[in-house]
Amino acid sequence: MADEIHKCILQSGALLEYILKTSTYPKEHEQLKQIRETTTVKYKIRSIMTLAADEAQFISMLLKLTNAKKTLEVGVFTGYSLLATALALPEDGKIIAVDPDREAFEFGLPHIKKAGVDHKINYIQSDGTSALKNLLDNGKEEGSFDFVFMDADKENYIHYHDMLLKLVRVGGVIAYDNTLWFGSVALGESDPMPDLAKKHRADLLKLNSYLASDARIESTILSIGDGLTLCRRLH
């Protein structure tokens, strides 16, 4: 792990390739594929911020199983996860998408439009804190979201959590991405790891402990992508 950075925490590259080739890529929408491939070309190492394809497939199925109609996404980048969500929602579904980087969002937007789902998306150029505060302050959004996908600044995940619990409905789901952070959460302080893994390791350790002890939710950490934690609001 000290030598390479892997988006997926699976230790077997062959197993990941098998999952992608057997289950994920054959069913990946053409415009999702285009966003994934063009993002890699343009953003190079930054493309690691793109949601893992098998994780996006899981979220798509989860949205359909729960009959979600209204979702919130904080942290959009070029829109791979956003498009996966929009494709999974019904025709009258709605997504509020928040990200300060309009250039990255607009890079993926043509593919979202080609997929015919851009009418479902309300993009807000903003940092997470300001956007969530505004949604709560307008008095119309509290308890209205079926699903929230959080993939923004890791150091603020706990700060966001309390606001998100007010925005998601009872029984709704909040999904936090990157909660296993390249597997670094299972390593000790002195263990070798890439600088990127060190950067937010402490933030994710705090988050995971915080969520595990939060009586307002039931939660589970899934070993998919870079770790995905699902939180269901209880009351």
Side-chain angles (χ1 to χ4, degrees), residues 1-2 5-9 39 43-52 55-56 59 71-82 96-105 123-137 145 147-168 173-217 219-231 233:
M1 183 173 176
I5 295 177
H6 296 284
K7 178 70 174 181
C8 179
I9 64 163
T39 296
Y43 289 93
K44 298 181 172 56
I45 186 61
R46 286 187 65 208
S47 67
I48 200 170
M49 294 191 295
T50 303
L51 187 68
E55 187 178 351
I59 289 174
T71 72
L72 170 64
E73 179 165 331
V74 184
V76 173
F77 191 38
T78 58
Y80 188 87
S81 55
L82 181 61
I96 293 180
V98 178
D99 198 298
D101 190 349
R102 179 178 289 275
E103 187 276 336
F105 166 72
Y123 170 73
I124 299 174
Q125 183 180 14
S126 172
D127 63 274
T129 298
S130 299
L132 296 180
K133 186 177 184 299
N134 288 338
L135 287 174
L136 288 170
D137 287 347
F145 293 92
F147 179 83
V148 177
F149 181 65
M150 172 57 68
D151 188 15
D153 39 328
K154 315 308 174 191
E155 65 271 22
N156 281 318
Y157 270 15
I158 292 178
H159 168 66
Y160 292 144
H161 184 66
D162 287 338
M163 290 190 283
L164 294 177
L165 275 178
K166 295 176 183 178
L167 290 166
V168 74
V173 174
I174 304 170
Y176 290 98
D177 196 26
N178 305 116
T179 52
L180 295 179
W181 200 242
F182 307 103
S184 66
V185 293
L187 299 178
E189 286 287 345
S190 61
D191 289 331
M193 65 184 83
D195 290 340
L196 181 58
K198 293 178 182 177
K199 183 177 181 182
H200 290 299
R201 175 179 174 273
D203 297 321
L204 275 305
L205 284 170
K206 290 177 183 177
L207 174 76
N208 292 338
S209 295
Y210 182 79
L211 296 179
S213 62
D214 189 347
R216 299 169 296 178
I217 61 170
S219 63
T220 185
I221 300 177
L222 303 177
S223 53
I224 189 172
D226 191 31
L228 180 70
T229 298
L230 300 181
C231 305
R233 181 183 169 186

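Nearest heavy atom pair, residue Ala56 against residue Tyr80, reads CB-CE2, 3.5 Å. Scanning all heavy atoms of the two residues, the minimum distance from Ala175 to Leu230 falls at CB-CD2, 3.7 Å. Among all heavy-atom pairs drawn from Leu204 and Thr179, the shortest one is CD1-CA, 3.6 Å. Looking at every heavy atom in both residues, Ser126 comes nearest to Val98 through O-CG1, 3.4 Å. Considering all non-hydrogen atoms of both residues, Val168 and Arg233 come closest at O-NH1, 2.7 Å.
Relative orientation of the His200 and Trp181 rings is perpendicular, given thresholds of 30° and 60° on the angle between their planes.
With rounding to the nearest 0.5 angstrom, the CD1 atom of Ile158 is 7.5 Å from the NZ atom of Lys206. Here the straight-line distance linking atom OG of Ser81 with atom CD1 of Ile59 works out to 7.0 Å at 0.5 Å rounding. Here the CE atom belonging to Met49 is positioned 10.5 Å from the CG atom belonging to Asn178, to the nearest 0.5 angstrom. Interatomic distance, Lys166 NZ to Leu132 CG, rounded to the nearest 0.5 Å: 11.0 Å. One distance of note links OG1 of Thr39 with CD1 of Ile48; it measures 13.5 Å at 0.5 Å rounding. Taking CG from Leu167 and CD1 from Ile174, the interatomic distance works out to 8.5 Å, rounded to the nearest 0.5 Å.
The side-chain heavy atoms of Asp214 and Ser219, taken from C-beta on, include no pair separated by under 4.5 Å. The shortest distance between side-chain heavy atoms of Leu72 and Phe145 falls below 4.5 Å. At least one side-chain heavy atom of Asp99 sits under 4.5 Å from a side-chain heavy atom of Tyr123. Two residues are said to be in side-chain contact when any heavy atoms from C-beta on lie closer than 4.5 Å; Leu51 and Phe77 fail this criterion.
Asp127 contributes a side-chain N or O that, together with a main-chain N or O of Ser130, makes up a donor-acceptor pair within less than 3.5 Å. One N or O on the side chain of Arg201 and one on the backbone of Ser184 form a donor-acceptor pair closer than 3.5 Å.
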**OP:** Evaluate the side chain to side chain contact (heavy atoms under 4.5 Å, CB included) criterion for residues Tyr160 and Val148: first the C-alpha distance (whole Å), next the side-chain angles of each, then the deciding distance (0.1 Å), finally the verdict.
**Re:** CA-CA 11 Å; Tyr160 292 144; Val148 177; over 6 Å; no

**OP:** Decide yes or no on side chain to side chain contact (heavy atoms under 4.5 Å, CB included) for Tyr43 and Thr50, but give the supporting numbers first.
**Re:** CA-CA 10 Å; Tyr43 289 93; Thr50 303; over 6 Å; no

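Ring-centre distance between Tyr210 and Tyr157: not below the 6.0 Å cut-off.
Under the 4.0 Å criterion applied to side-chain N and carboxylate O atoms, Arg46 and Asp101 are assigned as salt-bridge partners.
For Glu189, the CD atom is loosely surrounded, since the number of other residues' heavy atoms within 6.0 Å does not exceed 12.
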